[in-house]
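Okay, structure first, notes after.
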Amino acid sequence: MDFQESKVTVNFIQEIIDQDKKTNKYHGRIHLRFPPEPNGYLHIGHAKSICLNFGLAAQNDGLCNLRFDDTNPSKEDVEYIDSIINDVRWLGFTWDDRLFYASDYFEKMYDYAVRLIKAGKAYVCDLSPEEIRKYRGGFKEPGKESPYLSRSVEDNLDLFKRMRAGEFADGSRVLRAKIDMSSPNLNMRDPVLYRILRAAHHRTGDKWCIYPMYDYAHPLEDYYEKITHSVCTLEFEDHRPLYDWVLNTLNLPDPPQQIEFARLSLTNTVMSKRKLRRLVEEGYTAGWDDPRMPTIAGLRRRGYTPESIQNFCDRIGVSKSNSMVDVRFLEHCIREDLNLRVSRVMGVLHPLKLFIDNYPGDMVEEMESENNPEDPAAGTRKIPFSRILYIEREDFHEDPPKKYFRLAPGCEVRLKNAYIIKCERFVRDEKTGEIEEVHCTYDPESKSGKPGAKRKVKGTLHWVSAGHAVKAEVRLYDHLLLDQNEGIEGQEEEKDFRKQLNPSSLEVLTYCLVEPSLAGAAPGSRYQFMRKGYFCVDPDSRSDKLVFNRIVSLRDTWDRILKAEKIE
RNA sequence: UGGGGCGUAGCCAAGCGGUAAGGCACGGGAAUUUGGAUCCCGCAUUCGAAGGUUCGAAUCCUUCCGCCCCAGCCA
């Protein structure tokens, strides 16, 4: 009997859903939403939320909406709407016709505010922003009631209508909830529901000059869309009583419930919008889609697959404890994915010329190579081999360190899918002292596939044929931050942020040589450069100038041995 | 020292009164025409700490300690 591996992930939110299904809360319906504010680009932290919400919906036969929480026109822009839609779709999620905007509900929300006023639960307050702050009190002192608290319903109705009509200046009045100025939860001290803000909205234009605040708008948006489980991040925990207050005070049936989880933090990575913006605006990175950025756009350009990101998000788990996930786990996820699906090719990043002195100068052989040892169906291809080759500079050592099993004088090594060669001598540039050429002889009997190839040789090198190789630029990326920890959000000094930046997060290699099968490789296509890592053709790539991004290196045991010895 | 949360290995994270899953990282080994992938093996006598309840506690109770969030007309 063949059990289908169930893909249901259980976390504390799923447990709540299970319970709600059992009690038939919401009549068995499960409906979630991903509600970004269109004020920036999506990043891997948003991906966690996207995968959570859409994933929970999918595994519960529910639905998940995409909704723009566009209640603050002064910070928002259509540019972001487009990028967010594109990114969520790229990640692999669909919302059918359920793309919504909070701004579509402005009229309804206004009516509900009128209801609150009529119920004596909201009032227009003329206090200035500074006065409101003073009246709010502090953590230890209770707040004071607004002098405008006891305005009549009629006056409030009139004033609110005139706020909407544009009779008052920005900031001169607000609509406030009438709750409790002495609440230990500052969010309940008569929070602002509506403010006057003359800013052109990207969707409603100048139709409105008052805009609802998040705490008032969000529960209503959820209610209008018949959301059942409103998942958000931990910092909104304190707002939940207010979320519930709005719904309960308006006496709305089947009120959605807010559930909070911990946002994602990644080691060696910046995640706050503010810092991401600084990276772009101060020119540390080339833009929002710079392959070093943890934005969806950056990861996409870097070469990450949507599947690997989804898998990562599914596997890190969901909880309420602030956590810092090791970025190496993300790297593991992309390696794991690409290992199975991507073709192996040979590319030399730091070329060193190698002559096979006993190989005929006019001969070219086509060497057969498996495209992917993990996937026989990927087939094979031919790679030209000739007398003059290039190998990786680090694959030759005139005086090899111990445990080194690559090329060195007098030593034998195998050229992948070709011959076993022996190093006879090398040529050094007199002026620079740099090694310019390595001369070898080959064993004609050792051609790959032939019986003579069966000999044990300690190392295998990748190579390209000098006369056939294609030039390429390769961009190597490293973590944005040197530190494992991002640093406490908002606490660190400006200069500390700069100090944390990795000065060598980008290394551009302008003269690399790749095998000829890569000529004309399309932007977005991914390969494994054998022994080096996974690479993706950048959009900057042209047919006459290939450009590759290194997605992630291969695990490098040799590198670890070297580092371990350095420490000893 | 007001309120709301959170503490299980280096990092995530299961666990829901019956004797510490899994993954990443790390270490060792096998095999290998990628020092990749794969495969084995190891990696918490203990769950922030101390008391208590219980035959039995990471799970229940008490106290303490540590960390995070909140005083926008941002979300």
Side-chain angles (χ1 to χ4, degrees), chain A residues 10-11 15 35-37 39 69 71-72 74-76 125 127-129 132-134 136-143 170-176 183-189 191-197 210-211 213-215 217-218 232-241 260 262 267 273 315-333 335-336 339-340 344 346 369-370 372-374 403-406 414-418 420 448-449 453-462 484 488-489 528-533 553-561:
Chain A
V10 180
N11 53 50
E15 285 178 358
E37 183 189 13
N39 70 346
D69 204 1
T71 57
N72 185 358
S74 65
K75 293 190 172 178
E76 298 154 8
C125 178
L127 255 20
S128 69
I132 286 186
R133 184 164 12 93
K134 279 188 195 134
R136 186 157 35 225
F139 290 146
K140 287 174 204 163
E141 319 81 49
D170 285 13
S172 62
R173 280 179 232 258
V174 290
L175 183 73
R176 290 230 252 171
S183 170
N185 181 346
L186 306 220
N187 294 122
M188 299 299 271
R189 319 244 260 229
V192 173
L193 267 22
Y194 269 90
R195 77 280 215 179
I196 302 172
L197 178 64
I210 57 172
Y211 292 95
M213 299 290 290
Y214 169 87
D215 286 315
H218 210 87
C232 65
T233 42
L234 251 28
E235 68 271 26
F236 292 103
E237 222 154 7
D238 285 345
H239 297 240
R240 192 169 62 227
E260 311 84 11
T267 61
K273 268 180 189 164
R315 292 215 267 165
I316 50 176
V318 180
S319 73
K320 297 191 69 153
S321 46
N322 293 310
S323 57
M324 173 79 75
V325 174
D326 196 327
V327 72
R328 289 177 300 182
F329 184 54
L330 212 212
E331 294 168 352
H332 164 80
C333 290
R335 283 192 188 105
E336 183 181 61
N339 176 46
L340 298 175
R344 273 61 172 169
M346 294 198 282
S369 177
E370 257 183 319
N372 186 347
E374 306 294 328
K403 294 186 203 159
Y404 186 82
F405 40 91
R406 303 180 185 180
R414 186 191 303 275
L415 293 178
K416 177 76 183 172
N417 292 125
I420 294 172
S448 287
K454 291 223 159 67
R455 287 162 48 201
K456 284 259 182 282
V457 185
K458 54 181 179 177
T460 300
L461 308 186
H462 62 281
Q484 286 247 307
I488 308 308
E489 186 56 38
Q528 184 198 91
F529 285 12
M530 269 188 284
R531 306 209 301 134
K532 293 275 87 178
S553 67
L554 252 29
R555 278 180 79 236
D556 190 345
T557 310
W558 172 241
D559 190 53
R560 266 184 284 156
I561 292 170

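So that the names make sense, note that chain A is the first sequence line, chain B the second, and so on, each numbered from 1.
Residue A:I561 is the one, among A:I561 and A:E76, whose nearest nucleotide of RNA chain B lies closer to the 5' end (criterion: closest heavy atom). Nearest-nucleotide assignment on RNA chain B puts the 5′-proximal partner with A:N187, out of A:H239 and A:N187.
Here the straight-line distance linking atom NZ of A:K532 with atom CG of A:L554 works out to 9.5 Å at 0.5 Å rounding. The line from NZ of A:K134 to CG of A:L127 is 10.0 Å long, rounded to the nearest 0.5 Å.
Across all strands, A:K403 comes closer than 4.0 Å to base atoms (heavy-atom distances). Nucleic acid contact for A:R335: none, since no nucleic acid atom lies under 4.0 Å from a heavy atom of the residue. Within the nucleic acid shown, A:Y194 has no heavy atom closer than 4.0 Å to any nucleic acid atom. Residue A:H218 is out of contact with every strand shown, counting any heavy-atom pair closer than 4.0 Å. The residue A:V325 sits close only to the backbone: its heavy atoms come under 4.0 Å of sugar-phosphate atoms, none of a base. Backbone-only engagement by A:S319 is indicated by non-hydrogen atom pairs under 4.0 Å involving sugar-phosphate atoms exclusively. Within 4.0 Å of A:E237, counting heavy atoms only, lie sugar-phosphate atoms of the nucleic acid but no base atom. Nucleic acid contact for A:F329: sugar-phosphate only, since backbone atoms but no base atoms lie under 4.0 Å from a heavy atom of the residue. Within the nucleic acid shown, A:P36 has no heavy atom closer than 4.0 Å to any nucleic acid atom. A:D556 comes within 4.0 angstrom of the backbone, heavy atoms only, and of no base. Within the nucleic acid shown, A:Y211 has no heavy atom closer than 4.0 Å to any nucleic acid atom. A:R133 comes within contact range of the sugar-phosphate backbone alone, with a heavy-atom separation under 4.0 Å but no base atom that close. Backbone-only engagement by A:S321 is indicated by non-hydrogen atom pairs under 4.0 Å involving sugar-phosphate atoms exclusively. As judged by a 4.0 angstrom heavy-atom cut-off over every strand, A:I210 is placed among residues making no nucleic acid contact.
When distances run from any side-chain atom of A:R555 to the nucleotides B:C16, B:A13, B:A37, the shortest one goes to B:A37. Comparing B:C26, B:C11, B:C70 against the side chain of A:R560 picks out B:C26 as the nearest. Residue A:N322 has its side chain nearest to B:C68 when only B:U1, B:C68, B:C11 are considered. Nearest nucleotide to the side chain of A:T460, out of B:C11, B:G15, B:G35: B:G35. Taking every side-chain heavy atom of A:R414 into account, B:U33 is the closest of B:A75, B:U33, B:G5. Side-chain atoms of A:I132 lie closest to B:C73 of the nucleotides B:C73, B:G23, B:U1. Closest to the side chain of A:N339, from the set B:C12, B:G35, B:A37, is B:A37. Across B:C69, B:C11, B:G35, the shortest atom-to-atom separation from the side chain of A:D238 is found for B:C69. Nearest nucleotide to the A:E374 side chain, out of B:C12, B:A37, B:G35: B:A37. For A:E235, the side-chain atoms get nearest to B:C69 when compared with the rest of B:G72, B:C69, B:U33.
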Checking side-chain contact (heavy atoms from CB on, under 4.5 Å) for the pair A:N185/A:R240: CA distance, chi angles, key distance, verdict?
-> CA-CA 10 Å; A:N185 181 346; A:R240 192 169 62 227; over 6 Å; no
For the pair A:E260 and A:K320, evaluate side-chain contact (heavy atoms from CB on, under 4.5 Å) and give the outcome as yes or no after the intermediate values.
-> CA-CA 7 Å; A:E260 311 84 11; A:K320 297 191 69 153; 3.6 Å; yes
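Side-chain contact between A:H218 and A:P35 is present, with at least one heavy-atom pair separated by less than 4.5 Å. With contacts defined as side-chain heavy-atom distances shorter than 4.5 Å, the pair A:I132/A:V174 qualifies.
Remark: A:R136 is in phosphate contact with B:G72, judged by side-chain N or O atoms under 4.0 Å from OP1 or OP2. Regarding contacts with the backbone of B:C24, every side-chain N or O of A:R315 stays at 4.0 angstrom or more from both OP1 and OP2. Close to B:A75, at under 4.0 Å from its OP1 or OP2, lies a side-chain N or O of A:T71. Between A:R195 and B:A75 there is a side-chain polar atom (N or O) within less than 4.0 angstrom of OP1 or OP2.
B:C68 sits 35 Å from B:G18 when the C1' atoms are compared, rounded to a whole Å. Between the C1' atoms of B:C41 and B:A31, the separation comes to 15 Å (whole Å). To the nearest whole angstrom, the two C1' atoms, one in B:A14 and one in B:G23, are 11 Å apart. Comparing B:A13 with B:G3, their P atoms sit 27 Å apart, to the nearest whole Å. Spacing of P atoms, B:A21 relative to B:A44, comes out at 10 Å, to the nearest Å. Nucleotides B:A58 and B:A9 place their P atoms 15 Å apart, quoted to the nearest Å. For the C1' atoms, the distance from B:A71 to B:G4 is 14 Å, rounded to whole Å. Only the C1' atoms considered, B:G29 is 38 Å distant from B:U59, to the nearest whole Å.
Taking a pair to require two hydrogen-bonding distances under 3.5 Å in either a Watson-Crick or a G-U wobble arrangement, B:G42 pairs with B:C26. Pair check for B:U32 finds none; no Watson-Crick or G-U wobble contact set falls under 3.5 Å. The partner of B:U19 is absent, by the rule that a Watson-Crick or G-U pair needs both atom distances under 3.5 Å. In this entry B:C60 has B:G52 as its Watson-Crick or G-U wobble partner, both defining distances falling under 3.5 Å. Checking B:G66 for Watson-Crick or G-U wobble geometry (two distances, each under 3.5 Å) identifies B:C6 as its partner.
Stacking between A:Y214 and the base of B:A75 is absent under the criterion of ring centres within 5.5 Å and planes under 30 degrees.
Distance A:H332 NE2 to B:G36 C1': 14 Å, rounded to the nearest Å. As rounded to whole Å, 8 Å separates atom P of B:G4 from atom CG of A:N185. Protein atom NZ of A:K532 is 11 Å distant from nucleotide atom C1' of B:U34, rounded to whole Å. In this structure, A:L330 places its CG atom 12 Å from P of B:A25, rounding to the nearest Å. Rounded to whole Å, atom P of B:A75 lies 20 Å from atom CZ of A:R240. Counting to the nearest Å, the C1' atom of B:C73 and the CD1 atom of A:I196 are 9 Å from each other.
Relative orientation of the A:H332 and A:F329 rings is parallel, given thresholds of 30° and 60° on the angle between their planes.
In this structure, A:R315 pairs ionically with A:E336, as a charged nitrogen and a carboxylate oxygen lie closer than 4.0 Å.
Between the side chains of A:S323 and A:S321, no donor-acceptor pair of N or O atoms lies under 3.5 Å.
For A:K458, the NZ atom sits in a packed shell: over 12 heavy atoms of surrounding residues, nucleotides or ligands are nearer than 6.0 Å.
Within 90° of 0 lies the glycosidic angle of B:G72, which makes this nucleotide syn.
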